[in-house]
Amino acid sequence: MPRINKSVILALLTVTSSVFLLFQLYYYKQYLSKDGVRNFNSLSANDAQWQVVKKFLDLVGRHNLPVYLIDPVTLGLLTPDTQQLRESDTKGSNCKYFCAQREFTTFALLAKLWKYDAALAKSAAEKGFEFLELRGKDTRLAGMDDLSGTEIPLHFIFRLQSHAVHLVVFYERSGNYLWHGPLRLKPNMDRKFVPFRKLDFGHQAGAYDRPELLLTSIDGLEIRIPKNVSRFLGEVANSRFLECRYKEARAFYQLYPEDTSQETIEFRKNAKTLLHLAARTLNSLGMRFWLSSGTCLGWFRQCSVIPHSKDVDLGIWIKDYRSDIIPAFQRAGLPLKHKFGKKEDSLELSFQAQDVKLDIFFFYEEEDHVWNGGTQAKSGKKFKYMFPKFTLCWTELVELKVQVPCETMDYIEANYGKSWNVPVKTWDWKSSPANVQENGVWPVGEWDDVIQVY
């Protein structure tokens with residue numbers, strides 16, 4: 001048997017080792033990052049959602065669109081601890097968030113930081129997307145003198161294969177908050193483009209606080225998300241926005257010309273200041289509130305504050321009551337004018353600010369209705385004002401984002417009857433409301449606690 005040359009054997013071993021090393025390097029490059037993370041470019045065709053989201057992020061990055069993730073399902077899966085989120089993304093190789101085989105992923109676009117570019121549709125097509133742009137009236141421009149509203153882009157849909165990205169455009173409003181319009185299809189649009197009824201956003205207009213954003217990594221993709229995910233998801237569930245009814249308000253003023261006296265101008269200025277101060281104070285306490293009584297009627301009927309009311313009326317659920325509400329308003333410069341009732345029954349507070357009074361009515365929930373109470377100081381008589389149950393929506397009044405009953409007509413008619421659209425300047429709180437009823441008398445022994453006038 002011929003003797004094998006040692007040099008040949010050494011050469012063969014060297015070549016074999018080199019090939020094996022190159023294979024390892026290739027595998028490492030293709031499937032693992034330097035931190036041990038799977039390269040998500042290697043995902044199979046079954047991971048359609050991830051592939052579409054990645055292409056979408058590449059597209060908006062090319063056009064410098066400031067987008068952030070608002071998808072409720074995906075955000076709901078994220079750990080509250082962002083550091084844990086980052087660690088989970090760098091230690092594993094599983095696609096946890098964008099591989100759920102869902103039909104949609106939702107992002108938000110801040111309109112203030114973006115200039116509309118018609119080339120977006122062309123770029124989307126180049127990446128294989130089918131593209132749909134939905135426009136609507138810019139209600140920010142609507143008012144007593146202009147009811148038309150210029151059309152603006154409100155929603156974009158990017159569809160690729162079995163997945164679609166819904167991009168919601170958020171606009172800034174004068175009340176220092178973000179607003180998105182409803183998604184409404186024009187008659188000539190393809191109603192089967194995507195299952196629109198399943199979208200998480202767009203069934204109605206919405207209002208949100210401006211979120212602080214955080215750049216993080218999710219399934220290997222760099223994405224901005226709201227820093228406080230839990231707070232944002234809470235807003236999603238209660239975001240419905242009602243626009244002021246400018247058309248009806250204009251009709252009202254044609255029948256009843258607006259008072260433009262200096263006294264009215266001064267009152268509305270003071271009422272605006274008081275409402276903003278009250279909102280800051282209650283928000284600092286975490287107490288939800290809504291426009292009630294005459295203030296709610298003014299917004300609904302004439303998109304303004306009723307000048308002859310001489311006060312601002314707010315409603316608060318008694319379950320949200322906090323014992324430090326009075327000191328908080330006093331620190332804000334609003335002395336207590338009176339306190340009637342008690343937490344368990346018919347509580348109401350009144351604070352004085354210049355020539356405008358702030359009345360806060362606490363509402364009690366029963367099985368089939370809600371109510372607030374009233375007290376006559378000189379007699380101790382109690383009154384109850386009954387309302388149908390309601391939910392809360394956002395709106396804007398005097399450049400402030402505030403809440404009102406979503407079922408506003410029912411709320412107004414309960415309080416003011418069917419003739420609510422006719423101004424009444426003489427009003428007796430004990431007999432004029434359509435929903436008032438007597439509710440007994442406070443025991444004399446409790447008067448010191450339940451009837452406090454300052």
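Keep in mind that this is a model prediction, so the values were computed, not measured. Computed from heavy atoms alone, side chains included, the values below leave out hydrogens, waters and symmetry copies.
Side-chain N or O atoms of N238 include one that pairs as donor or acceptor with a backbone N or O of G234 at under 3.5 Å. With hydrogens and angles ignored, the 3.5 Å screen pairs no side-chain donor or acceptor of D320 with any backbone N or O of M287. S284 places a side-chain N or O within donor-acceptor distance of the main-chain N or O of T281, the cut-off being under 3.5 Å. A donor-acceptor pair under 3.5 Å is absent between the side-chain atoms of D324 and the main chain of P327, judged by distance alone.
Using bins of under 30°, 30° to 60° and over 60° for the plane-to-plane angle, the ring pair H180/F201 lands in the perpendicular bin. The aromatic rings of W317 and W290 sit tilted relative to each other, their planes meeting at an angle between 30° and 60°.
Residues V169 and L154 form no side-chain contact, since every pair of their non-hydrogen atoms from C-beta on lies 4.5 Å or further apart. The shortest side-chain heavy-atom distance between P388 and E407 does not fall under the 4.5 Å cut-off. When side chains are defined from C-beta on, K401 does not count as touching N176, because their heavy atoms never get closer than 4.5 Å. Here the side chains of H308 and D259 are not in contact, with every heavy-atom distance at 4.5 Å or above. With a 4.5 Å cut-off on side-chain heavy atoms, D355 and K310 do not count as touching. For the pair I360/F289, no side-chain contact is recorded, criterion being any heavy-atom separation below 4.5 Å from C-beta on. At least one side-chain heavy atom of Y253 sits under 4.5 Å from a side-chain heavy atom of S304. Between I325 and L282 the shortest side-chain heavy-atom distance falls below 4.5 Å.
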Next item on the list: Show your reasoning for whether side chain to side chain contact (heavy atoms under 4.5 Å, CB included) applies to I225 and I218.
Entry: CA-CA 10 Å; I225 63 172; I218 304 176; 4.0 Å; yes

Item checked: Chi angles and distances behind the side-chain hydrogen bond (donor to acceptor under 3.5 Å, both in side chains) call for S293, Y385 -> CA-CA 11 Å; S293 303; Y385 304 85; over 6 Å; no

Checklist line | Trace of the side chain to side chain contact (heavy atoms under 4.5 Å, CB included) decision for F329 with L349 | finding: CA-CA 11 Å; F329 273 102; L349 303 174; over 6 Å; no

Check: Should F156 and L132 be marked as a side chain to side chain contact (heavy atoms under 4.5 Å, CB included) after you check the CA-CA gap, both sets of side-chain angles, and the distance that decides it?
Finding: CA-CA 6 Å; F156 297 102; L132 182 64; over 6 Å; no

Item checked: Evaluation steps, salt bridge (charged side-chain N to carboxylate O under 4.0 Å, His left out), between E248 and R301 -> CA-CA 7 Å; E248 290 79 2; R301 186 176 69 186; over 6 Å; no

Item checked: Pair F361-L347, side chain to side chain contact (heavy atoms under 4.5 Å, CB included): steps then yes or no -> CA-CA 7 Å; F361 304 102; L347 181 62; over 6 Å; no

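The two residues Q302 and R268 come nearest to each other via the heavy atoms NE2-NH2, 4.1 Å. Shortest non-hydrogen contact noted between T295 and D311 is OG1-O, 4.1 Å. Between A164 and I157 the shortest heavy-atom distance is CB-CG2, 4.3 Å. Of all non-hydrogen atoms in L178 and Y68, the two that sit nearest each other are CD1-OH, 4.0 Å. Summarising the geometry of L183 relative to H155, their closest heavy-atom pair is N-NE2, 3.7 Å, with the distance given to 0.1 Å. Between D313 and G294, the closest heavy-atom pair is OD2-N, 3.2 Å.
Centroid-to-centroid, the aromatic rings of W371 and Y364 come within less than 6.0 Å. Aromatic ring centres of F232 and Y208: separated by under 6.0 Å. In this structure, F129 has its ring center at least 6.0 angstrom away from the ring center of F56. For F387 and F363, the gap between ring centers is short of 6.0 Å. Side-chain rings of H166 and F104 stay apart, their centers remaining 6.0 Å or farther from each other.
Under the 3.5 Å distance criterion, with hydrogens and angles disregarded, a donor-acceptor pair is assigned to the side chains of Y177 and E396. A side-chain N or O of T139 and one of E243 form a donor-acceptor pair less than 3.5 Å apart. Between the side chains of T105 and Q49, at least one donor-acceptor pair of N or O atoms lies under 3.5 Å. T150 and D138 share no donor-acceptor pair across their side chains, judged by distance under 3.5 Å alone. No side-chain N or O of S174 forms a donor-acceptor pair with one of R140 less than 3.5 Å apart. Side-chain atoms of W299 and T395 include a donor-acceptor pair closer than 3.5 Å. For the residue pair T264/S261, the side-chain donor-acceptor check at 3.5 Å is satisfied.
Expressed to the nearest 0.5 Å, how far NZ of K227 lies from OG of S230 amounts to 13.5 Å.
The neighbour count for R184 CZ, taken as heavy atoms of other residues, nucleotides or ligands under 6.0 Å away, is above 12. Surrounding NZ of K389 are more than 12 heavy atoms belonging to other residues, nucleotides or ligands, all under 6.0 Å away. D58 CG: more than 12 foreign heavy atoms inside a 6.0 Å radius. Surrounding CD of E172 are more than 12 heavy atoms belonging to other residues, nucleotides or ligands, all under 6.0 Å away. By the neighbour-count criterion of 12 heavy atoms within 6.0 Å, atom CD of Q354 is sparsely surrounded, having that number or fewer from other residues, nucleotides or ligands. The number of heavy atoms from other shown groups lying within 6.0 Å of NZ (K127) is above 12. Counting non-hydrogen atoms of other residues, nucleotides and ligands closer than 6.0 Å to CZ of R224 gives a total of 12 or fewer.
R159 forms a cation-pi arrangement with F193, by the criterion of a distance under 6.0 Å to the ring centre and an angle within 45° of the ring axis. Both tests hold for R245 against F300: distance to the six-membered ring centre under 6.0 Å, angle to the ring axis within 45°.
With sequence neighbours excluded, the residues forming a ring pair (Phe, Tyr, Trp, His ring centres under 6.0 Å) with F362 are Y321, listed by chain and number.
At a threshold of 4.0 Å, the pair E151-K186 counts as salt-bridged, since one of the basic side-chain nitrogens sits closer than that to a carboxylate oxygen. Between D359 and K337 there is no salt bridge, since no side-chain N of the basic residue sits under 4.0 Å from a carboxylate O of the acidic one. A salt bridge is defined here as a Lys NZ or Arg NE, NH1 or NH2 lying under 4.0 Å from an Asp or Glu carboxylate O, and E399 with R173 fails to meet this definition.
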Show the atom names and distances, to 0.1 Å, of all donor-acceptor pairs under 3.5 Å that link a side chain in residues 110-124 to residues at least two apart or in another chain.
{"residue": "Y116", "atom": "OH", "partner": "E133", "partner atom": "OE1", "Å": "2.8"}
{"residue": "Y116", "atom": "OH", "partner": "E133", "partner atom": "OE2", "Å": "3.3"}
{"residue": "D117", "atom": "OD1", "partner": "A119", "partner atom": "N", "Å": "3.0"}
{"residue": "S123", "atom": "OG", "partner": "H63", "partner atom": "NE2", "Å": "2.7"}
{"residue": "S123", "atom": "OG", "partner": "A119", "partner atom": "O", "Å": "3.3"}

